Each structure stands twice: as C-alpha cells, then as structure tokens.
Amino acid sequence: VGACYFDTTFTLLGFLAKADGRISEEEIAQAETLMARMGLTSEHRQQAIGLFKKGSKSDFSLDETMQRFVSTCGRLNNLKQSLLNDLIALALADGELHQSERQALESVARHLGISKALFEKIIEMIMARSQFNSAGSSGSYTSSASQLDAAYKALGVTAKNTDAEIKKEYRKLLSENHPDKLIGQGMPDDMIKLATERTQEIRKAYELIQKSRK
C-alpha cells in the first residue's frame with residue numbers, strides 16, 4: 001500500500017504539472033518545495049523526481065494509474081482523501097487553480113469516487129486553509145471578519161451552523177487527516193508531514209471560531 005500511494009502521488013504531481021501542456025520552472029520548484037515540506041529521505045526524493053518525470057510524459061495513462069491505486073488503496077478512504085488533498089495543495093501553490101489543473105483534478109476525483117459537489121467543497125476548504133494559514137503565519141491570529149470567514153470555510157461550515165454541528169465537522173476532518181490513522185492505512189512515514197500540517201491548520205481554524213463565539 002505504501003509504495004502504491006507514494007508512486008501514485010508523485011506520478012500524478014507530474015501529470016498535474018503538465019496539464020497545461022508544458023512544465024514551467026515554477027511548477028518544478030513547487031514540486032521540490034512540496035518534497036522538502038514532506039521531509040522525504042534522499043532515496044525517496046530521487047524516486048519522487050523520477051516518478052514526477054514519468055507522470056509528465058505524453059504517454060502517461062491516468063486511467064491505468066488510477067485503476068492500480070483504486071485496486072490497492074480503494075477501501076482506504078483516508079488515503080484517497082489525502083491523495084486528493086496533496087494534489088490540490090500543489091495545484092494551488094501559486095495562489096490560483098488554472099482550468100487545465102481543475103480538469104485534471106476532476107478526473108482524479110472521479111476515479112476516486114468523489115462527487116463533483118464534494119470535490120468543489122474540498123477545493124474551497126483547502127483554499128481557505130492556505131489563506132487562513134498565510135494570514136496567521138506571523139503567529140498572531142486575529143478574528144477579523146475575513147479571517148473568521150476563512151476559518152469557517154476551512155472547516156466546510158458557515159456561521160449559521162450550530163456549535164455542535166461545527167464540532168462534529170471539525171472532529172470528522174481531524175479523523176480523516178490524523179497522521180496515526182494514515183500511517184495505520186499504509187502511508188509512508190516521510191509523507192506524513194503534510195497531513196500533520198493539515199491537522200494543525202484545522203485546529204487553528206476551529207480555535208478561532210470557538211474564540212469568536214464565546
């Protein structure tokens with residue numbers, strides 16, 4: 001399972017980078033930043049670069065890659081969700097989601113059995129989390145209206161939801177992204193860092209909402 005998850009992630013990153021017809025220097029830099037953030041071992045890093053190149057080739061078959069992934073990891077919902085999360089995060093690394101990237105991600109989501117509505121919601125949540133995170137990177141989270149709005153979106157809820165509904169959604173997200181659960185499902189140890197970052201973002205968003213409601 002671990003090898004299949006690793007291979008699929010990095011070939012799909014190459015496929016995604018090539019979605020608009022060419023791979024820019026910026027996209028290569030973003031993929032390398034992602035590898036650094038994951039904390040890959042040097043051996044894994046070399047493998048990842050080779051897989052990225054393979055995914056960016058014109059004869060790469062998305063269907064075959066996804067069929068292989070689904071037959072190996074299809075029952076492991078946390079891994080499926082995590083794969084899509086990591087791909088969307090890379091696509092959004094430059095601050096926007098290009099049409100060609102969106103179409104490529106939609107194809108991946110379809111193979112994973114993720115509905116169009118859920119796919120759109122995941123994108124909105126990840127965009128809000130990165131917004132929320134960059135605004136709070138100075139270490140001081142203020143509850144300005146835009147910050148609070150991003151915090152709600154990061155959890156996939158709105159200000160109209162009750163405290164109990166928000167708590168339920170928060171716990172569900174934590175459970176889906178929990179590093180221990182992902183390792184238990186077979187995610188390689190040196191790919192857990194991004195999931196850990198995600199749980200921290202989710203916690204920060206929840207804490208801000210709680211603070212604003214007191």
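Quantities reported herein were computed from a predicted structural model and do not represent experimental measurements. Scope of the values below: all heavy atoms of this structure, side chains included, with no hydrogens, waters or symmetry mates.
Summarising the geometry, atom CD1 belonging to Ile23 is positioned 6.0 Å from atom CD1 belonging to Ile28; distances are rounded to the nearest 0.5 Å. Separating the CG atom in Leu87 from the CG atom in Leu12 is a distance of 5.5 Å, to the nearest 0.5 Å. To the nearest 0.5 angstrom, Leu155 atom CG is 13.5 Å from Arg171 atom CZ. Annotation: the span from Lys168 atom NZ to Thr162 atom OG1 amounts to 10.0 Å, rounded to 0.5 Å. Ile88 CD1 to Ile126 CD1: the interatomic distance, rounded to the nearest 0.5 Å, is 4.0 Å. In this structure, Lys18 NZ and Glu27 CD are separated by 10.5 Å, a value rounded to the nearest 0.5 Å.
The two residues Ser82 and Met187 come nearest to each other via the heavy atoms OG-CE, 3.3 Å. Across every non-hydrogen atom of Ile123 and Leu92, the tightest pair is O-CD1, 4.5 Å. Of all the heavy atoms in Asn177 and Thr199, the pair that sits closest is O-CG2, 3.4 Å. Taking each heavy atom of Ala154 and Ala128 in turn, the nearest pair found is N-CB, 3.5 Å. Here the shortest heavy-atom pairing between Arg45 and Ala36 reads NH1-N, 4.0 Å.
The shortest side-chain heavy-atom distance between Thr8 and Leu51 does not fall under the 4.5 Å cut-off. Within the 4.5 Å cutoff, the side chain of Glu169 has no heavy atoms near those of the Glu165 side chain. In this structure, Met35 and Ile49 have side chains that are in contact, with non-hydrogen atoms separated by less than 4.5 Å. Side chains of Val157 and Tyr170 form no contact here, defined as non-hydrogen atoms less than 4.5 Å apart.
Applying the salt bridge (charged side-chain N to carboxylate O under 4.0 Å, His left out) definition to pairs two or more places apart or across chains, those involving residues 70-91 are Asp86-Arg198. The ring-ring contact (aromatic ring centres under 6.0 Å, His included) contacts involving residues 173-197 comprise nothing, where partners must be two or more places apart or lie in separate chains. Residue pairs satisfying the salt bridge (charged side-chain N to carboxylate O under 4.0 Å, His left out) criterion with at least one member in residues 178-191, sequence neighbours excluded, are absent.
Scanning for side-chain hydrogen bond (donor to acceptor under 3.5 Å, both in side chains) contacts around Arg37 gives Glu197, with sequence neighbours left out. In this structure Ser115 satisfies the side-chain contact (heavy atoms from CB on, under 4.5 Å) test together with Ala117, Leu118, sequence neighbours excluded. For Gln103, the side-chain contact (heavy atoms from CB on, under 4.5 Å) partners are Gln99, not counting sequence neighbours. The side-chain contact (heavy atoms from CB on, under 4.5 Å) test applied to Ser146 returns Ser144, not counting sequence neighbours. By the side-chain hydrogen bond (donor to acceptor under 3.5 Å, both in side chains) test, Gln46 pairs with no residue at all, sequence neighbours left out. For Ala91, the side-chain contact (heavy atoms from CB on, under 4.5 Å) partners are Leu16, Leu97, Glu101, Leu105, not counting sequence neighbours. Looking at residues two or more places apart in sequence or on another chain, you find a side-chain hydrogen bond (donor to acceptor under 3.5 Å, both in side chains) between Arg213 and Tyr152, Asp163. Legend: residues meeting ring pair (Phe, Tyr, Trp, His ring centres under 6.0 Å) with Phe6, ordered by chain and number and at least two apart, are Phe10, His44.
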**OP:** Using the side-chain contact (heavy atoms from CB on, under 4.5 Å) rule, take Asp149 and Lys153 through it: C-alpha gap first, then chi angles, then the decisive distance, then the call.
**Re:** CA-CA 6 Å; Asp149 185 46; Lys153 282 182 180 163; 3.5 Å; yes
**OP:** Could you please spell out the steps behind the side-chain contact (heavy atoms from CB on, under 4.5 Å) verdict for Lys167 and Tyr206?
**Re:** CA-CA 8 Å; Lys167 190 173 192 174; Tyr206 182 65; 3.5 Å; yes
Subject >> From CA spacing to verdict: salt bridge (charged side-chain N to carboxylate O under 4.0 Å, His left out), Lys211, Glu207 >> reply: CA-CA 6 Å; Lys211 211 162 109 183; Glu207 282 164 12; over 6 Å; no
**OP:** Begin with the C-alpha distance, continue with both residues' side-chain angles, and end with the deciding distance and a verdict on side-chain contact (heavy atoms from CB on, under 4.5 Å) for Glu26 and Gln30.
**Re:** CA-CA 6 Å; Glu26 190 187 5; Gln30 283 160 2; 3.4 Å; yes
Subject >> Leu40 and Met191: CA distance, side-chain angles, deciding distance, side-chain contact (heavy atoms from CB on, under 4.5 Å) verdict >> reply: CA-CA 7 Å; Leu40 296 185; Met191 290 183 78; 4.1 Å; yes
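For the side-chain contact (heavy atoms from CB on, under 4.5 Å) with Leu182, the lone residue among Thr196, Leu76, Leu194, Leu79 that qualifies is Leu79. Gln81 pairs in a side-chain contact (heavy atoms from CB on, under 4.5 Å) with only one of the listed residues (Asn78, Asn85, Leu83), which is Asn85.
By the 30° and 60° cut-offs, the orientation of the rings of Phe15 relative to Phe60 is tilted.
At most 12 heavy atoms of other shown residues, nucleotides or ligands fall within 6.0 angstrom of atom CD in Glu43.
A salt bridge between Glu96 and Arg102 is absent, with no side-chain N of the basic residue lying under 4.0 Å from a carboxylate O of the acidic one.
With hydrogens and angles ignored, the 3.5 Å screen pairs no side-chain donor or acceptor of Asp7 with any backbone N or O of Cys4.
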Report, one line per pair, each donor and acceptor closer than 3.5 Å where one atom sits in a side chain of residues 65-72; sequence neighbours left out.
residue, atom, partner, partner atom, Å
Thr65, OG1, Ser61, O, 3.0
Ser71, OG, Gln67, O, 3.3
Ser71, OG, Arg68, O, 3.0
Thr72, OG1, Arg68, O, 3.0

